[in-house]
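Some notes on the structure that comes next.
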Amino acid sequence: MLELQTPVQFVKGVGPGRARDLAAKNIHTVEDLLYTLPYRYEDRTRFCRVSDLQPGTKTSILVEVSTARLTATRKNRLKIFNLAARDKTGLIRCKWFHSEYLYQRKIFRRGQQVIFHGKFELDPYSAGSLQVINPEFEILDQAVPVQGSIDMGRIVPVYEAARGLGTRTLRRLIHTVLSELSGVPETLPMAVLERHDLMDRRAALQESHFPSAETRGEDLAARRTPALFRLIFEELFLLEVGVRWKRRLARKLRGMPFRIDPGLRRAAGKFLPFRPTRAQERVLDEMAEDMRQPTPMNRLLQGDVGCGKTVVALQAGAMAVENGAQVAFMAPTEILAEQHHLYARRLFATSGYRIGLLTGGLKRAERNRLLEELSHGRLQLLIGTHALLEPDVSFQRLGLAIIDEQHRFGVRQRFNLMKKGVHPHTLVMTATPIPRTLSMTLYGDLDVSVIDEMPPNRSPVKTHLLDDLKRSRAYRFVADQVRNGRQVYVLCPLIEESEKLDLRPARKIFEQLQGEIFPDFRVDLLHGRLKSAEKEAVMQRFAGGQSDILVSTTVIEVGMDVANATVMLIEHAERFGLAQLHQLRGRVGRGREPSYCLLMQGSRTIGPEASQRLNCLRETTDGFVIAEKDLEIRGPGEFFGTRQSGLPTLRVAHLLRDRRILETARREAACLVDNVESQTSLGQWAAGLSSGWQARYGLVGVG
């Protein structure tokens, strides 16, 4: 008999080879396999007949292969794998292009019974005929009768392939596991099960893979069957218990309380180059209140591009330094770290604070000198990249850790920086707005502050979508801006030309602009392959007004703050994500002059998803609206980057689709963790979970 923690290698039909293929999809145990749920279901109690197909319909058909052969177009000799198949009512054509035909060529034979699933359209080369491009398919085993089959005559689960393991193989393996499984321990407290009338775990797993005949197709598609609901709730509940428990443990730590009185606030505030906005003052008050407590501050600072997060963070740094503590300020890129270093030196020019910059490109002698000053407490503020996490970086009295662009780092990296001191206060910042419900999950162990007000005298950025036919018009506009004393960014997705991608590279655009388009203007080039000193020199020239046009890759996505720059021209804008485009647009509009973002499409026809991104950016500058849309388009996993955010990869739940379930799960988790009388039972319950589940959801400290 199989148990949940049985290595998947010992399931009948797996073995060492297939176990390696499954491991590539993070499937190591029987439990992992059972939580690999179907991504869709097919009702194979009946199929659409070929004669009933309508153009634009997405459905499944059961047909017999008539012919299967490789052809090539006359014009450009493009190779196409053509397959013709029929049922009793008519014939359909299936086509595969490019490299995919090589696999199809090996497996299709005349007379095979095949299920095809895809979107059926009119064939432009055969009047009145229908075709399907790159369909999903499953070749049936004709030796197995339909009655009693797990592939036919029922609602059938369809799985994503795992390397060499197709959906039929996975279906058989999971069916075998479910039939041989000895027992399934419960993961949810009995009171929670009863309160929400949830299905037991064993039945939920069975029904989620092999739904009973009366299950409605629309409920399966919406993931709202009782079985799927229970598994979604389970995953979100355990996640929320882990988040809540980490928060509880953090509140028990003893940190470094700071003396923060009106005199110190005035001393720290004297460095501000402008009067702070009401939102900045509110956030500073929240941080000051945190830092005067014996419990370490753990705060997330959210704010749109250009709202003034950095100056607020440095004010918190000044309060720490005035209390005799040191400050670590970690940024994800060298360019951003260099920008923060320059800004901090300007801000604290009259303070007497010693400020250092630590990046991977620092020479050994300079690095050693810097680390010696740091360890002896002679350096108050150290700004750097991941280099701050190196073992030889030692602070004498780290009191505040600041992490910029938190979503670029993992939770583990945040904790590794905090370990450089004895429970220092921690401030993490992000310019990627996150809907409140989701931020409570993503950063549930942190208190959240939001700067929801832009500094005065900032001009809104007007965004225009252009194609190559309007390039000359765009260049004339750029020339007018430069002649009026303004500066311009030209953003490119690549440094050099690529054989695989038909994109205009930065180096080529730089040479063209410098030599042909704008020979009278000062054009500079910035990219990630330049040495640190070269990048610094380029940025200084642009910031100081010694260059008019800066051609760059995405190294300027964060950190560049040049108030005189009024135009951001983005080449191949359809290649960038929505959040990234919003960040890039945020490099302009930092002064009083009207500013513009020109989105240049690389081709006149772009996909629907790219079109959604560009239109959203054109219609709004509200970062929270953009974040919601980005989340909707990309989904939570891509939006957050689960490895970067520290969230476990959700196997069943979807943070956007399942928001209401998430709220319920959060309430139940809070009830469980926060009820003092239930701490003993909480520990007993968590100890009953497998070690894999405890580690996955952060429940190790509970059990």
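Every heavy atom of this structure was used, including side-chain atoms; hydrogens, water molecules and symmetry mates were not. Note that the coordinates shown come from a computational prediction; the quantities given were computed from them, not determined experimentally. We count residues from 1, following the sequence as given.
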Heavy-atom closest pair, residues [X] and [Y]:
{"X": "Ala653", "Y": "Glu235", "value": "N-OE1, 2.7 Å"}
{"X": "Val478", "Y": "Ile549", "value": "CG1-CD1, 4.1 Å"}
{"X": "Pro424", "Y": "Pro296", "value": "O-CB, 3.7 Å"}
{"X": "Leu599", "Y": "Ala573", "value": "CB-CB, 3.8 Å"}
{"X": "Ala279", "Y": "Asp452", "value": "CB-OD1, 3.6 Å"}
{"X": "Arg248", "Y": "Val673", "value": "NH1-O, 3.5 Å"}

Checklist entry - Given Tyr353 and Leu381, is the side chain to side chain contact (heavy atoms under 4.5 Å, CB included) satisfied, shown in steps? => result CA-CA 8 Å; Tyr353 299 167; Leu381 172 58; 5.9 Å; no
Are any side-chain N or O atoms of [X] and backbone N or O atoms of [Y], one a donor and one an acceptor, separated by less than 3.5 Å?
{"X": "His423", "Y": "Gly255", "value": "no"}
{"X": "Gln280", "Y": "Gly308", "value": "yes"}
{"X": "Asp404", "Y": "Phe329", "value": "no"}
{"X": "His527", "Y": "Arg529", "value": "yes"}
{"X": "Arg251", "Y": "Thr295", "value": "no"}
{"X": "Arg666", "Y": "Arg244", "value": "no"}
{"X": "His572", "Y": "Arg575", "value": "no"}
{"X": "Arg613", "Y": "Phe576", "value": "yes"}
{"X": "Arg299", "Y": "Met287", "value": "no"}
{"X": "Arg367", "Y": "Leu362", "value": "no"}

Checklist entry - Looking at Glu619, Arg618, His582, Arg585, which one forms a side chain to side chain donor-acceptor pair (under 3.5 Å) with Thr463? => result Arg585
Nearest 0.5 Å, please: how far is [atom2] in [Y] from [atom1] in [X]?
{"X": "Lys309", "Y": "Gln302", "atom1": "NZ", "atom2": "CD", "answer": "9.5 Å"}
{"X": "Asn298", "Y": "Met418", "atom1": "CG", "atom2": "CE", "answer": "5.0 Å"}
{"X": "Leu614", "Y": "Glu609", "atom1": "CG", "atom2": "CD", "answer": "11.0 Å"}
{"X": "Ile570", "Y": "Met600", "atom1": "CD1", "atom2": "CE", "answer": "11.5 Å"}
{"X": "Gln540", "Y": "Gln546", "atom1": "CD", "atom2": "CD", "answer": "9.0 Å"}
{"X": "Leu598", "Y": "Leu491", "atom1": "CG", "atom2": "CG", "answer": "12.0 Å"}

Checklist entry - Any chance the side chains of Ser547 and Arg541 put a donor and an acceptor closer than 3.5 Å? => result no
Next on the checklist: Quick one about Thr566 and Glu593 (side-chain donor to acceptor, distance below 3.5 Å, no hydrogens or angles considered), yes or no?
Outcome noted: no
Should [X] and [Y] count as side-chain neighbours, where that means a heavy-atom distance under 4.5 Å?
{"X": "Leu371", "Y": "Leu358", "value": "yes"}
{"X": "Met297", "Y": "Leu400", "value": "yes"}
{"X": "Asp524", "Y": "Leu526", "value": "no"}
{"X": "Asn615", "Y": "Leu465", "value": "yes"}
{"X": "Leu578", "Y": "Leu617", "value": "yes"}
{"X": "Cys492", "Y": "Ile509", "value": "yes"}
{"X": "Gln326", "Y": "Leu382", "value": "no"}
{"X": "Arg486", "Y": "Val567", "value": "no"}

Item to check | Test: Glu663 and Arg659 ion pair at under 4.0 Å | outcome: no
Checklist entry - Is it true that atom CZ of Arg345 has more than 12 heavy atoms of other residues, nucleotides or ligands lying nearer than 6.0 Å? => result no
Checklist entry - Is the number of heavy atoms from other residues, nucleotides or ligands within 6.0 Å of CZ (Arg592) greater than 12? => result no
Item to check | Given Val312, Asp285, Val283, the one that forms side-chain contact (heavy atoms from CB on, under 4.5 Å) with Ser449 | outcome: Val283
Checklist entry - Should Val523 and Phe510 be marked as a side chain to side chain contact (heavy atoms under 4.5 Å, CB included) after you check the CA-CA gap, both sets of side-chain angles, and the distance that decides it? => result CA-CA 7 Å; Val523 185; Phe510 165 70; 3.7 Å; yes
Next on the checklist: Going by the rule ring pair (Phe, Tyr, Trp, His ring centres under 6.0 Å), which residues pair with Phe542 if we only count those two or more places apart in sequence or in a different chain?
Outcome noted: Tyr489
